[in-house]
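Since the structure comes first, as structure tokens, the remarks are kept for the end.
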Amino acid sequence: MQYVAKAKFVRYSPYKLRPLADVIRGKNVQYALDWLSTCSLQKAVPIQKIIKSAAANAFQLGKLEAGHLVVKEIRIDQGPIFRYFKPGAMGRANPQKKRLSHMSVIVESIEKKKEA
């Protein structure tokens with residue numbers, strides 16, 4: 001069985017979050033949470049929260065602990081972009097972009113993965 005967790009409008013650029021997602025894709029959920037907790041980057045916090053949410057969904061619906069789950073899929077998609085202007089040299093206005101992310105995590109039990 002698969003369990004899903006989603007987060008939308010996360011205030012980090014997807015370009016900055018995707019390298020962290022690539023590291024934990026396909027790994028054990030407990031290993032991924034431990035790795036993210038030792039990672040001293042502030043941008044690791046929303047990924048850690050969404051994986052904890054997916055593990056909580058698995059425990060609530062299927063009575064599966066985090067040690068028996070694996071991260072099947074983690075997707076970081078582009079959200080809306082805030083465009084604004086900051087003052088530039090010689091009285092000009094420089095355009096700035098604040099990118100937002102949409103994240104989706106799917107976890108499944110290790111036994112299910114071994115059968116497939």
Side-chain angles (χ1 to χ4, degrees):
M1 182 110 184
Q2 296 179 349
Y3 304 96
V4 181
K6 294 182 180 182
K8 292 189 171 188
F9 306 105
V10 178
R11 300 284 302 226
Y12 288 98
S13 171
Y15 301 107
K16 294 181 181 179
L17 294 176
R18 283 183 187 131
L20 293 176
D22 292 340
V23 171
I24 61 173
R25 186 176 289 119
K27 302 282 194 303
N28 187 328
V29 169
Q30 190 61 49
Y31 171 81
L33 289 173
D34 292 341
W35 189 87
L36 288 168
S37 66
T38 58
C39 182
S40 63
L41 298 171
Q42 187 65 30
K43 62 187 175 183
V45 173
I47 296 175
Q48 186 177 10
K49 285 172 78 171
I50 194 172
I51 291 176
K52 278 184 183 177
S53 175
N57 291 343
F59 182 75
Q60 187 72 27
L61 298 173
K63 301 296 183 204
L64 293 170
E65 297 291 334
H68 297 93
L69 297 169
V70 64
V71 178
K72 180 182 179 188
E73 179 183 331
I74 180 166
R75 243 186 15 246
I76 313 275
D77 295 328
Q78 178 80 43
I81 300 173
F82 291 144
R83 291 181 174 87
Y84 58 97
F85 295 95
K86 282 187 143 181
M90 297 170 51
R92 293 191 180 102
N94 291 336
Q96 304 285 320
K97 292 180 183 178
K98 176 64 180 167
R99 299 174 191 270
L100 303 182
S101 302
H102 297 323
M103 298 191 302
S104 173
V105 174
I106 299 175
V107 296
E108 69 178 0
S109 65
I110 293 175
E111 291 80 23
K112 171 96 174 161
K113 188 165 183 167
K114 287 181 182 176
E115 292 172 5

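Any value given below was found using the heavy atoms of this structure, including those in side chains, with hydrogens, waters and symmetry copies removed.
A 4.5 Å side-chain heavy-atom check between Ile74 and Met103 finds every atom pair outside the cut-off. Between Ser109 and His68 there is no side-chain heavy-atom pair separated by less than 4.5 Å.
Val107 and Val23 fall within the same hydrophobic cluster, defined by Ile, Leu, Val, Met, Phe, Trp and Tyr side-chain heavy atoms under 4.5 Å apart, directly or through other members. Linking Ile, Leu, Val, Met, Phe, Trp and Tyr residues whenever their side-chain heavy atoms come within less than 4.5 Å leaves Val4 and Ile24 in two separate clusters. Leu64 and Tyr31 fall within a single hydrophobic cluster, where Ile, Leu, Val, Met, Phe, Trp and Tyr side chains are chained together by heavy-atom contacts under 4.5 Å. Cluster annotation: Val29 and Ile50 are assigned to the same hydrophobic cluster (Ile/Leu/Val/Met/Phe/Trp/Tyr, side-chain heavy-atom contacts under 4.5 Å, transitive). Taking hydrophobic clusters as Ile, Leu, Val, Met, Phe, Trp and Tyr residues chained together by side-chain heavy-atom distances below 4.5 Å, Val71 shares a cluster with Met1.
Nearest heavy-atom pair across Ile47 and Ala21 is CD1-N, 4.4 Å. Nearest heavy-atom pair across Val10 and Pro46 is CG1-CB, 3.9 Å. Closest approach of Ala54 to Val105, counting heavy atoms only: CB-CG1, 4.2 Å. Here the closest non-hydrogen pair linking Asn28 and Gly67 is ND2-O, 3.3 Å. Nearest heavy atoms, Pro14 versus Asp77: CB-O, 4.2 Å. Between Tyr3 and Asn57, the closest heavy-atom pair is CD2-O, 4.0 Å.
For Lys49, the NZ atom counts as loosely surrounded, since its 6.0 Å shell holds 12 or fewer non-hydrogen atoms of other residues, nucleotides or ligands. Within 6.0 Å of NZ on Lys52 lie no more than 12 heavy atoms contributed by other residues, nucleotides or ligands.
If you take OG on Ser104 and CD on Glu73, they are separated by 6.0 Å, rounding to the nearest 0.5 Å. Rounding to the nearest 0.5 Å places CG of Leu41 at 10.5 Å from CG of Leu17. Taken from NZ in Lys16 to NZ in Lys43, the straight-line distance is 7.0 Å, to the nearest 0.5 Å. With rounding to the nearest 0.5 Å, the separation of CZ in Arg25 from CZ in Arg18 is 9.5 Å. Here Ile51 contributes atom CD1 and Gln30 contributes atom CD; the two are 11.0 Å apart, rounded to the nearest 0.5 Å.
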**Study point:** Stepwise side-chain contact (heavy atoms from CB on, under 4.5 Å) check, Trp35 with Gln48
**Key:** CA-CA 9 Å; Trp35 189 87; Gln48 186 177 10; over 6 Å; no
Identify each donor-acceptor pair in which a side-chain atom of residues 93-102 lies under 3.5 Å from a protein atom, sequence neighbours left out, and give them as a table.
residue	atom	partner	partner atom	Å
Lys98	NZ	Arg11	O	3.2
Ser101	OG	Tyr12	O	2.5
His102	ND1	Phe9	N	3.2

